[in-house]
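Let me begin by presenting the structure, written as structure tokens, before commenting on it.
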Amino acid sequence: MPELPEVETVRRELEPALAGARLTRVVARRPDLRFPLPHRFAERLTGARIERLERRGKFILAPLDTGETLTIHLGMTGRFDVRLARDPSCPPPDRPPAERKHAHILFETQAGALITFVDARRFGFMDLVDTAALAAHPRFAGMGPEPLGPAFDAAFLKRAFAGRRQGPKTLLLDQRIVAGLGNIYVCEALHRAGVSPVRGAARISLARVDGLAAAVRAVLAEAMAAGGSTLRDYARPDGGEGYFQHAFLVYGRAGKPCPSTGCHGTIRRIVQSGRSTFFCPVCQK
DNA sequence: ATTACGTCCTGTCGGC
DNA sequence: TGCCGACAGGACGTAA
């Protein structure tokens, strides 16, 4: 379940193999992921040099020397398998059948690295967009600020919440308000800030919104330092696991006692906009 | 403008 | 033991 910390971890681990690398071979083993791949996808990538790897929200961006940018979204189960250049006399290790079955896109670099995009549920997607027009692209034009950037603070969030009747849970998941949060970190941030996920967002005091913005930044920074969270779906390109899941205070903990000091509440699971919300009804007001 | 809800996709897990 | 539904949760389309 890649959210910002997981996507950033993946970006960093792809860098050694892909930043500055020239693609010598690209294979799309099917014409679509979540959406159809763009026209002549593999051909437009083959021979291109990836100038660097960036991240915007939950997207990985790879600007190319062709004037286009490869945009990648991992969806739910998308991940990369990275094999750096190796001794050609040593055959590659066999992969488990499930891996092979859902290996949809292959990238080979001039230096001999083999990068495989694997996505069982195919909620991920890739696109090629004109780099000069990237900011104006519908997918990015309306995207909210980076939660760890300077534009995301209490004043900004207060404005975004103004006049809104939906709960902060729903609004923080909206990538047009802030880019990169997903279900897990929104639940965790709301609990840390002591803010109820169901309270009408316009009715949250500035002081609480301030605490919420701080909690969002803190939980993301901590998760990133831990290499993200590994649940059933997410795996790092290096095969390692993130370990922030051990720091969850509410996510997936329905029925367990609230971990807040002095609070005797019990974590509840409810459904908001079709998604699970985990929270403590006692200390989240 | 805002809100609500359905859709996509497949593997896993719990209950019967 | 096997079947079946619930669930996981990203973005997006549609309709009110």
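Using a 4.0 Å cut-off between charged side-chain N and carboxylate O, A:Glu15 and A:Arg12 make no salt bridge. Ion pairing of A:Glu54 with A:Arg52 is present here, as a side-chain N (NZ or NE/NH1/NH2) and a carboxylate O approach within less than 4.0 Å. Under the 4.0 Å criterion applied to side-chain N and carboxylate O atoms, A:Arg22 and A:Asp65 are assigned as salt-bridge partners.
Straight-line distance from the CE atom of A:Met76 to the C1' atom of C:dC12: 16 Å, rounded to whole Å. One interatomic measurement links the two molecules: NE2 of A:His104 to P of B:dC9, which rounds to 11 Å at whole-angstrom precision. Distance, A:Arg275 CZ to B:dC5 C1': 13 Å, rounded to whole Å. If you take CG of A:Leu171 and C1' of B:dT2, they are 10 Å apart, rounded to a whole angstrom. Straight-line distance from the CD atom of A:Gln166 to the P atom of B:dA1: 15 Å, rounded to whole Å. Separating the NE2 atom of A:His73 from the P atom of B:dC9 is a distance of 17 Å, rounded to the nearest angstrom. Between the CZ atom of A:Phe35 and the C1' atom of C:dG10 there is a distance of 10 Å, rounded to whole Å. Atom-to-atom, CG of A:Leu33 to P of B:dT10 comes out at 12 Å; the value is rounded to the nearest Å.
Residue A:Arg121 places a side-chain atom within donor-acceptor reach of the base of B:dC9, judged by atom type and a 3.5 Å distance cut-off alone. Under 3.5 Å, the side chain of A:Arg139 and the base of C:dA11 form no donor-acceptor pair of N or O atoms. The base of C:dA11 lies close enough to the side chain of A:Arg34 for a donor and an acceptor atom to sit less than 3.5 Å apart.
A side-chain donor-acceptor contact under 3.5 Å links A:Glu188 to the backbone of A:Leu249.
Heavy atoms of A:Ser276 sit under 4.0 angstrom from primed sugar atoms or phosphate atoms, though from no base atom. A:Gly274 comes within 4.0 angstrom of nothing in the nucleic acid, heavy atoms only. Using a 4.0 Å heavy-atom distance criterion, A:Arg269 is classed as a sugar-phosphate-only contact. Using a 4.0 Å heavy-atom criterion, one finds that A:Arg122 contacts the sugar-phosphate atoms exclusively.
The nucleotide whose nearest atom lies closest to any side-chain atom of A:Lys58 is, among C:dC12, C:dG10, B:dT10, C:dG10. Checking C:dG10, B:dT2, B:dT10 against every side-chain atom of A:Glu3, the shortest atom distance belongs to C:dG10. Nearest to the side chain of A:Asn183, among C:dA11, B:dT2, C:dG10, sits C:dG10.
OP1 and OP2 of B:dT10 both lie 4.0 Å or more from every side-chain N or O belonging to A:Lys101. Phosphate contact (OP1/OP2 of B:dA4, side-chain N/O of A:Gln272, threshold under 4.0 Å): absent.
In DNA chain C, runs of at least 3 consecutive Watson-Crick or G-U pairs, each pair with both distances below 3.5 Å, span B:2-8 with C:10-16, B:10-16 with C:2-8.
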Salt bridge (Lys or Arg N to Asp or Glu O under 4.0 Å) between A:Asp81 and A:Arg79, intermediate numbers included: CA-CA 7 Å; A:Asp81 179 273; A:Arg79 62 178 186 272; over 6 Å; no

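Applying the ring-ring contact (aromatic ring centres under 6.0 Å, His included) test between A:Phe125 and each of A:Phe117, A:Phe35, A:Phe41 identifies A:Phe35 as the sole match. With A:Asp127 as the partner, the salt bridge (Lys or Arg N to Asp or Glu O under 4.0 Å) test is satisfied by one option alone out of A:Arg34, A:Arg44, A:Arg139: A:Arg139.
Taken from CD1 in A:Ile60 to CG in A:Leu70, the straight-line distance is 9.5 Å, to the nearest 0.5 Å.
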